[in-house]
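Below, read A as the first sequence line, B as the second, and so on, with proteins coming before strands; counting in each chain starts at 1.
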There are 4 protein chains.
Amino acid sequence: MRFLSDNAAPVHPNVLAALAKADEHDLPYDGDRWSAALDERFSELFGRECAALWIATGTAANCLALGTMVQPHGAVVCHEEAHIEMDEGGAPGFYLHGAKLILAKGDGALLTPHDIDAVIGGIRDDVHQVQPHAISITQASEHGRVCTPAMLSELGEYGKQRGLGLHMDGARFANAVAHLDCAPAEAVGPCDTLAFGFIKNGGMSAEAVVLFDPERAAEVRFRRKRAGHLQCKGRYQAAQILAMLDDDLWLTNARHSNAAAAEIASACGERLIHAVEANELFVRLGARERESLRQQGFEFYDWGEDSARFVTAWDTREEDAASLAKAIAAL
Amino acid sequence: MRFLSDNAAPVHPNVLAALAKADEHDLPYDGDRWSAALDERFSELFGRECAALWIATGTAANCLALGTMVQPHGAVVCHEEAHIEMDEGGAPGFYLHGAKLILAKGDGALLTPHDIDAVIGGIRDDVHQVQPHAISITQASEHGRVCTPAMLSELGEYGKQRGLGLHMDGARFANAVAHLDCAPAEAVGPCDTLAFGFIKNGGMSAEAVVLFDPERAAEVRFRRKRAGHLQCKGRYQAAQILAMLDDDLWLTNARHSNAAAAEIASACGERLIHAVEANELFVRLGARERESLRQQGFEFYDWGEDSARFVTAWDTREEDAASLAKAIAAL
Amino acid sequence: MRFLSDNAAPVHPNVLAALAKADEHDLPYDGDRWSAALDERFSELFGRECAALWIATGTAANCLALGTMVQPHGAVVCHEEAHIEMDEGGAPGFYLHGAKLILAKGDGALLTPHDIDAVIGGIRDDVHQVQPHAISITQASEHGRVCTPAMLSELGEYGKQRGLGLHMDGARFANAVAHLDCAPAEAVGPCDTLAFGFIKNGGMSAEAVVLFDPERAAEVRFRRKRAGHLQCKGRYQAAQILAMLDDDLWLTNARHSNAAAAEIASACGERLIHAVEANELFVRLGARERESLRQQGFEFYDWGEDSARFVTAWDTREEDAASLAKAIAAL
Amino acid sequence: MRFLSDNAAPVHPNVLAALAKADEHDLPYDGDRWSAALDERFSELFGRECAALWIATGTAANCLALGTMVQPHGAVVCHEEAHIEMDEGGAPGFYLHGAKLILAKGDGALLTPHDIDAVIGGIRDDVHQVQPHAISITQASEHGRVCTPAMLSELGEYGKQRGLGLHMDGARFANAVAHLDCAPAEAVGPCDTLAFGFIKNGGMSAEAVVLFDPERAAEVRFRRKRAGHLQCKGRYQAAQILAMLDDDLWLTNARHSNAAAAEIASACGERLIHAVEANELFVRLGARERESLRQQGFEFYDWGEDSARFVTAWDTREEDAASLAKAIAAL
């Protein structure tokens with residue numbers, strides 16, 4: 001009964017099947033027909049013209065997207081627990097050639113204009129201080145919370161006033177859309193770029209960088225190559241993404257994992273540290289309680305000293321979620 | 001009848017099968033049992049302790065390897081037609097933080113100590129001039145030529161004298177080993193690092209960085225992550241490589257493509273621009289001759305104004321190679 | 001009556017005289033006899049072998065020094081108000097190729113092992129998190145406080161245990177030595193590198209990077225050149241520094257500005273935000289009080305809403321310091 | 001009798017006098033009145049609005065200027081013997097974050113559109129190959145040759161067609177203007193940026209970056225700070241430049257050194273390797289001839305095996321030039 005990480009889950013059968021189906025001769029790199037289809041498919045999905053490129057990791061997706069809006073002498077404002085700050089091994093520093101992350105606090109690992117202004121409002125407009133060039137938010141957030149269209153709209157206005165680009169780390173964008181039950185366009189709001197995650201949600205090794213200003217695509221393609229991310233046989237990358245988009249598999253998978261998380265959440269009551277809006281649960285559990293759950297066969301990570309993190313996935317069995325809910329309720 | 005590129009070839013069935021077999025729950029990133037097996041498997045293959053990491057492209061493999069030996073203020077000496085200079089979109093400049101490539105000439109896109117000394121012998125040991133820190137060679141070379149153990153040994157001695165690291169871009173290392181019919185260790189000689197290619201030879205999206213000084217592995221792991229190349233579900237990367245190593249599939253595939261190239265070469269006679277030692281042929285063919293071959297259904301790239309490049313692959317059908325040989329002979 | 005900044009002060013006459021004296025033909029860059037003298041002069045000063053290079057700014061001095069201990073994939077721990085974080089326009093990100101600053105809190109802008117451990121103690125030793133490679137402290141600190149030999153010794157031990165380099169930003173090192181009234185070696189303690197400031201203390205355009213491991217000098221020389229900091233006529237750089245060292249002019253100047261600051265501090269009582277140990281005073285003063293002082297002819301910067309910063313310099317007139325003390329006392 | 005390097009010459013008395021005159025309290029960095037005057041002074045000089053910043057070295061000046069036109073994934077085309085390639089310790093790689101230099105051949109170290117096209121004409125417009133973003137030329141060239149307004153105009157048109165920025169390394173711009181006897185604007189032609197050299201021509205430690213699109217100045221100011229080149233007491237930088245501009249001292253000095261070079265050249269006849277148009281002479285001289293000159297007290301560098309380089313400076317004595325001319329004639 002596995003709740004360690006959605007990265008630990010296997011690959012959805014449709015994705016593996018798509019690899020087999022793409023197993024033909026075609027032009028190398030992104031010259032193939034699968035890669036060529038991405039722009040149109042994402043433009044349809046978001047209801048406006050955009051460009052989309054496959055890329056092997058969310059880290060690279062975030063960095064390539066941020067590179068369209070942040071100069072080396074600038075900075076990105078993000079939450080102090082944002083994945084780009086905590087878990088990407090300094091990749092933004094590498095890809096942005098030394099640009100800085102400015103860390104803001106915000107409830108639920110979400111950011112409001114007020115949160116952001118608290119850290120950049122005092123920056124003097126002179127060369128001694130690194131100027132912010134962009135904001136990066138995570139959808140769903142590192143605390144499993146979702147940014148609503150209204151919140152996005154406020155961020156968009158703030159960013160516009162301050163001349164800041166707006167990027168969305170959408171490693172769990174599918175879970176956010178499933179939660180909001182809205183059009184994808186509403187869940188991304190006024191963002192300029194989106195790192196659209198598929199891997200945690202049933203994919204194998206392909207995410208998408210979505211650029212809502214398609215004119216930036218040429219530059220991003222050069223930078224993807226320069227980062228050693230232009231795969232020789234790109235058709236196997238594109239085919240994964242197309243398989244996830246077909247028949248809205250991405251949404252189906254996310255709804256499934258969200259439902260499993262909600263089921264578990266319903267048993268947690270006061271134990272919940274954050275509202276459960278996606279597929280992650282942060283639960284207050286003492287050492288003995290965690291021990292007890294582990295003895296019952298549940299796998300999960302400790303989260304600090306008195307808590308645990310549970311993550312559901314596209315393949316979480318309903319009975320496992322129900323068992324976990326029951327076990328927590330019984331503690 | 002396809003001779004465009006070995007990157008255009010599909011994936012070997014064993015590799016696809018390995019993906020299906022790896023399709024289980026396991027720890028994310030490179031915490032899985034497949035990834036953990038790589039060091040030992042490559043140590044066996046080369047008969048000495050080494051570390052090996054999967055990576056999605058040869059470009060990234062070369063750059064991570066070179067990063068172990070070249071400081072940002074240094075330089076890599078390579079052939080003027082080396083892949084790292086001509087076809088990697090400036091990736092070495094990115095990964096090495098602005099280090100320089102110093103371009104040497106050399107027959108067959110191979111380099112001898114003499115070739116290298118011609119470009120670095122005059123560099124004064126002062127801060128005004130960028131100092132070479134490493135040599136990069138390609139095995140098999142960009143002209144389809146193979147560096148023999150004797151040549152490698154000379155390069156190793158020269159590098160030692162000058163204090164230079166030695167890297168091998170082995171995008172077609174398998175073809176070189178197949179040609180030399182020697183132990184892999186002999187085909188890599190005194191190199192410090194090897195980018196061991198699998199993708200052109202039947203793989204899908206995994207190459208290996210092999211470090212003959214395993215102590216450098218920790219740093220390379222940090223840098224792989226920092227470059228956004230640590231995939232979430234690394235088991236699908238490692239599994240591809242292991243499938244290629246099983247029963248020496250890598251060698252079987254390379255022997256097959258080499259044999260197909262040799263068959264074609266036997267019909268080319270004086271038309272050959274370079275001796276054919278791997279799976280690439282550079283053939284003098286006038287515009288009308290190329291047109292004639294294309295009308296007969298052969299696909300290939302023009303190479304300059306009066307030549308063509310043909311590349312065989314693991315899946316080249318023997319009858320296609322025979323047909324091409326016959327067609328060229330008949331021109 | 002100027003208390004804006006020690007950078008606003010002019011150049012000490014001895015330094016200008018030294019420029020005139022160095023105004024001869026000599027070898028360019030750092031091939032001249034003045035530049036050649038630096039290693040020995042600083043080795044004498046610190047009582048152990050070290051290497052010293054001139055450099056035009058403290059920012060560049062800090063960055064070149066940090067470059068000897070921090071890899072691009074690593075981090076520097078510093079105070080959240082450290083000059084390298086707040087006032088160097090992101091130079092560490094540039095020079096360290098994207099390495100990160102990890103910000104610690106600490107009284108008086110000083111850092112203890114405890115302060116540092118609070119921010120790096122929880123960093124897992126895995127590739128997802130940027131690892132600290134060095135600590136940077138400021139002597140005297142950004143709050144005008146001085147790090148004692150005992151505190152330095154504790155930091156040294158902590159750094160050793162954790163395998164971290166130790167750098168000192170000594171923009172006001174002279175003021176710290178004057179305050180401690182100790183040997184320069186004691187004021188730098190176990191630091192590996194020191195950016196020794198002269199410009200705020202009467203110099204014109206030359207600071208020194210001091211490397212207590214002289215073997216690192218060769219690399220730093222390459223990096224200084226690569227950063228465009230190897231001046232064509234280096235003798236005018238070295239001559240400034242030598243003039244400051246002659247007859248301990250650097251100490252005389254610092255004692256003078258410290259004394260002026262102490263004089264003013266003696267009138268501030270409870271108004272002082274930080275103990276005054278060097279030449280900076282941070283003083284609680286309401287808007288009307290500041291207005292009153294300005295009307296009396298005192299120049300200084302506001303420091304937040306209810307405070308002011310006063311900086312004394314090598315040329316602060318005793319009567320000006322006395323007047324300011326009197327004026328504050330009279331508020 | 002010194003002909004080693006114009007960097008070996010001392011500083012013109014007016015420049016030293018200007019330092020003494022600037023030795024007052026003023027705002028730090030570039031907030032002073034001298035720095036504030038630069039834009040206007042250079043705009044007058046070039047007869048059109050431009051921005052100008054002081055900077056300590058030509059290397060940094062070149063790099064900051066190139067940074068306005070070259071993205072990290074792009075390249076600069078320059079002569080294979082250009083200073084930025086041969087003598088700047090890899091600074092362009094550092095400042096341009098890994099962008100590449102593409103090396104062209106050209107008579108007299110000058111470049112024509114034809115020379116440039118020979119190296120970039122074959123670059124495919126795809127992501128595998130680094131694309132040129134700018135051209136850098138040197139005025140006067142590394143062979144002491146001068147680019148005429150007509151040649152500049154051709155380069156400008158070529159650059160425009162290809163969408164390339166145009167930078168001029170003007171380390172000896174003064175000598176070029178003196179030779180052309182034209183307005184400064186004609187000697188810079190359609191260049192977007194100019195590194196205007198003063199140091200070799202009698203300055204101490206200040207060059208100017210001139211931006212003919214003043215809108216780029218804000219970015220360059222951030223990048224100058226980030227490179228640790230914003231000096232604390234910038235008035236001493238600006239004052240040097242203003243002293244050189246006053247009464248056209250820069251032109252007077254350059255005319256003097258050009259005349260000295262012409263005098264020597266008149267004695268060299270067939271020995272001259274390059275036409276002498278500025279203040280450098282490259283002269284065929286056998287080992288014994290060089291020995292003989294040295295015994296007569298002439299200092300100069302060997303230039304390859306059978307030649308020597310002589311450089312005149314603002315302070316070259318007429319009698320020394322005449323002596324050298326006579327000595328060469330007598331060989």
Side-chain angles (χ1 to χ4, degrees), chain A residues 2 4-11 13 16 19-20 22-29 31-32 55-64 87-91 93-95 97 171 197 199-200 203-205 207 221-237 299 313 315, chain B residues 2 4-11 13 16 19-20 22-29 31-32 55-64 87-91 93-95 97 171 197 199-200 203-205 207 221-237 299 313 315:
Chain A
R2 299 172 177 115
L4 276 176
S5 166
D6 33 12
N7 281 329
V11 169
L16 281 178
L19 293 179
D23 196 38
E24 301 179 4
H25 267 265
D26 204 330
L27 290 180
Y29 304 107
D32 61 277
I55 185 86
T57 67
T59 293
N62 285 327
C63 290
L64 288 175
D87 295 291
E88 301 196 345
F94 180 44
Y95 275 82
H97 302 106
I199 298 172
K200 293 177 191 295
M204 188 174 90
S205 61
E207 313 280 58
R221 286 179 205 282
F222 274 102
R223 294 205 172 210
R224 177 175 65 176
K225 170 67 191 179
R226 188 177 190 240
H229 272 288
L230 180 65
Q231 299 198 5
C232 295
K233 298 179 175 174
R235 53 204 183 274
Y236 299 95
Q237 289 286 97
E299 295 176 3
D315 72 329
Chain B
R2 299 171 176 116
L4 275 176
S5 166
D6 33 12
N7 281 330
V11 168
L16 281 178
L19 293 178
D23 196 38
E24 301 179 5
H25 267 264
D26 205 329
L27 289 180
Y29 303 108
D32 61 277
I55 186 84
T57 67
T59 293
N62 285 327
C63 289
L64 288 174
D87 295 291
E88 300 196 345
F94 180 44
Y95 275 81
H97 302 106
I199 298 173
K200 293 178 192 294
M204 188 174 89
S205 60
E207 313 279 58
R221 286 180 205 282
F222 274 102
R223 294 205 173 210
R224 177 175 65 175
K225 171 66 191 179
R226 187 177 191 241
H229 272 288
L230 181 65
Q231 300 198 6
C232 295
K233 299 179 174 174
R235 53 203 182 277
Y236 300 95
Q237 290 285 98
E299 294 177 3
D315 72 329

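- Residues B:His25 and A:Leu4 fail the side-chain proximity criterion, which asks for heavy atoms closer than 4.5 Å.
- In terms of heavy-atom pairs under 4.5 Å with chain A, the best-connected choice from B:Gly90, B:Ala8, B:Ala91 is B:Ala8.
- Taken from CD in B:Glu88 to NZ in A:Lys225, the straight-line distance is 6.0 Å, to the nearest 0.5 Å.
- Residue contact with chain A, scored on non-hydrogen atoms closer than 4.5 Å, involves the backbone of B:Asp6 exclusively.
- Here B:Pro28 is the residue among B:Ala313, B:Pro28, B:Cys63, B:Gly31 with the most heavy-atom pairs under 4.5 Å with chain A.
- Residues B:Ile199 and A:Gln231 form no side-chain contact, since every pair of their non-hydrogen atoms from C-beta on lies 4.5 Å or further apart.
- Contact count against chain A (heavy-atom pairs under 4.5 Å) is highest for B:Ala227 among B:Ala227, B:Ala60, B:Ala56.
- Judged purely by distance below 3.5 Å, without hydrogens or angles, the side chains of B:His97 and A:His97 never pair a donor atom with an acceptor atom.
- Looking only at heavy-atom pairs under 4.5 Å with chain A, the residue among B:Arg223, B:Arg235, B:Gln237 that has the most is B:Arg235.
- Residue contact with chain A, scored on non-hydrogen atoms closer than 4.5 Å, involves the backbone and the side chain of B:Cys232 alike.
- You'll find the side chain of A:Thr59 stays beyond 4.5 Å of the side chain of B:Leu230, heavy atoms only.
- Looking at B:Asp23, both its backbone and its side chain come within 4.5 Å of chain A, counting heavy atoms on both sides.
- Contacts with chain A were tallied for B:Lys200, B:Met204, B:Glu24; B:Met204 has the most, counting heavy-atom pairs under 4.5 Å.
- The parts of B:Tyr95 that come within reach of chain A are both its backbone and its side chain, each placing non-hydrogen atoms under 4.5 angstrom from that chain.
- In terms of non-hydrogen atom pairs under 4.5 Å with chain A, the most contact-rich of B:Asp26, B:Leu64, B:Leu27, B:Val11 is B:Val11.
- For chain B, the option among A:Asn7, A:Thr57, A:Asn62 with the highest count of heavy-atom pairs below 4.5 Å is A:Asn7.
- Chain B forms more heavy-atom pairs under 4.5 Å with one residue of A:Gly89, A:Gly93, A:Pro10 than with any other, namely A:Pro10.
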